[in-house]
Amino acid sequence: MTTGWAWIALIASGVVDVAWAFAMKKADGFRDLPWALISVALLVVFVVLLVKALEVLPLGTAYAVWTGIGAVGSVLVGIAVFHEPATAARLFWIALVLAGIVGLKTAA
């Protein structure tokens with residue numbers, strides 16, 4: 001796998017991680033079986049993509065970027081779908097996480 005494809009796999013894994021978090025919320029503690037099964041499938045997909053990306057990318061940078069994508073994406077889904085608060089403070093800290101992701105990517 002090339003470095004470019006590894007970054008694509010890493011970003012895709014982060015996006016699938018956000019979908020997994022959404023599915024876990026909808027699964028309601030595994031009481032909703034269809035959503036629980038979807039969450040398990042998404043878990044497998046994001047782990048496989050992450051493992052492939054880590055074959056090429058530096059662990060620290062890749063993991064930080066991946067968790068950043070998951071964190072930012074999950075907060076945005078929470079705001080958009082679950083009507084969680086979008087306070088100025090929350091948005092500021094999310095912007096700071098994004099800045100850190102960009103910084104790590106450019107320093108890699």
Side-chain angles (χ1 to χ4, degrees):
M1 175 180 291
T2 66
T3 302
W5 280 110
W7 280 107
I8 290 170
L10 182 71
I11 292 166
S13 178
V15 171
V16 175
D17 178 48
V18 174
W20 169 78
F22 171 81
M24 284 297 298
K25 177 79 170 172
K26 297 294 282 183
D28 191 31
F30 286 102
R31 286 183 285 276
D32 187 323
L33 185 59
W35 279 109
L37 294 174
I38 290 168
S39 73
V40 170
L42 289 169
L43 174 68
V44 170
V45 171
F46 87 64
V47 168
V48 168
L49 288 167
L50 182 60
V51 166
K52 295 305 287 180
L54 288 175
E55 290 176 359
V56 176
L57 301 175
L59 172 64
T61 301
Y63 191 71
V65 169
W66 180 78
T67 57
I69 292 168
V72 170
S74 296
V75 168
L76 295 176
V77 167
I79 290 168
V81 177
F82 299 111
H83 310 291
E84 295 173 0
T87 64
R90 287 184 88 199
L91 297 176
F92 169 78
W93 291 111
I94 289 299
L96 197 59
V97 170
L98 285 172
I101 292 169
V102 170
L104 283 168
K105 170 63 175 98
T106 57

Q) According to the salt bridge (Lys or Arg N to Asp or Glu O under 4.0 Å) rule, which pairs have a member within residues 56-70, sequence neighbours left out? A) none

(Q) Under 4.5 Å between side-chain heavy atoms, counting indirect links through other Ile/Leu/Val/Met/Phe/Trp/Tyr residues: same cluster for L37 and L42 or not? (A) no

Q: Indicate if F30 and W35 have the same hydrophobic cluster label, given that clusters are the connected sets of ILVMFWY residues with side-chain heavy-atom separations under 4.5 angstrom.
A: yes

Q | Closest non-hydrogen atom pair between A6 and V56, with its separation | A | CB-CB, 3.8 Å

**Q.** Residue pairs, two or more places apart or on separate chains, that pass salt bridge (Lys or Arg N to Asp or Glu O under 4.0 Å) and touch residues 48-64
**A.** K52-E55

(Q) Between M1 and I8, is there shared hydrophobic-cluster membership here, with clusters defined by ILVMFWY side-chain heavy atoms closer than 4.5 Å? (A) yes

Q.
Just verifying a value: how many Å separate I11 CD1 and L49 CG, rounded to the nearest 0.5 Å?
A. 11.5 Å

Q) Any side-chain heavy atom of W7 sitting closer than 4.5 Å to one from V65? A) yes

Q. Mind checking what makes ring-ring contact (aromatic ring centres under 6.0 Å, His included) contact with W66, not counting sequence neighbours?
A. F46, Y63

Q. Okay, side chain of T61, backbone of P58: is any donor-acceptor separation there less than 3.5 Å?
A. no

Q: Can you run down the salt bridge (Lys or Arg N to Asp or Glu O under 4.0 Å) pairs that involve residues 5-15, sequence neighbours left out, and say none if there aren't any?
A: none

**Q.** Shortest non-hydrogen contact between A9 and A53, atoms and distance
**A.** CB-CB, 4.2 Å

**Q.** CG-OG distance between L50 and S13, expressed to the nearest 0.5 angstrom
**A.** 4.5 Å

Q) Looking only at heavy atoms, which two atoms of P34 and D32 are closest? And how far apart? A) CD-OD1, 3.1 Å

Q | Side chain proximity check, L54 to L59, heavy atoms < 4.5 angstrom | A | yes

Pairs under 3.5 angstrom only: tabulate donor-acceptor contacts from the side chains of residues 68-96 to other protein residues two or more places apart or in another chain.
from : atom 1 : to  : atom 2 : distance (Å)
S74  : OG     : G70 : O      : 2.7
T87  : OG1    : R90 : N      : 3.2
R90  : NH1    : P85 : O      : 2.4

Q: Verify side-chain contact (heavy atoms from CB on, under 4.5 Å) between T3 and L57, making sure each step is shown before the conclusion.
A: CA-CA 7 Å; T3 302; L57 301 175; 4.0 Å; yes

Q) Is L10 reachable from V51 through a run of I, L, V, M, F, W or Y residues, each pair having side-chain heavy atoms under 4.5 Å apart? A) yes

Tell me which donor-acceptor pairs under 3.5 Å the side chains of residues 15-28 have, and how far apart each pair is, sequence neighbours excluded?
from : atom 1 : to  : atom 2 : distance (Å)
W20  : NE1    : S39 : O      : 3.4
D28  : OD1    : R31 : NH2    : 3.2
D28  : OD2    : R31 : NE     : 3.4

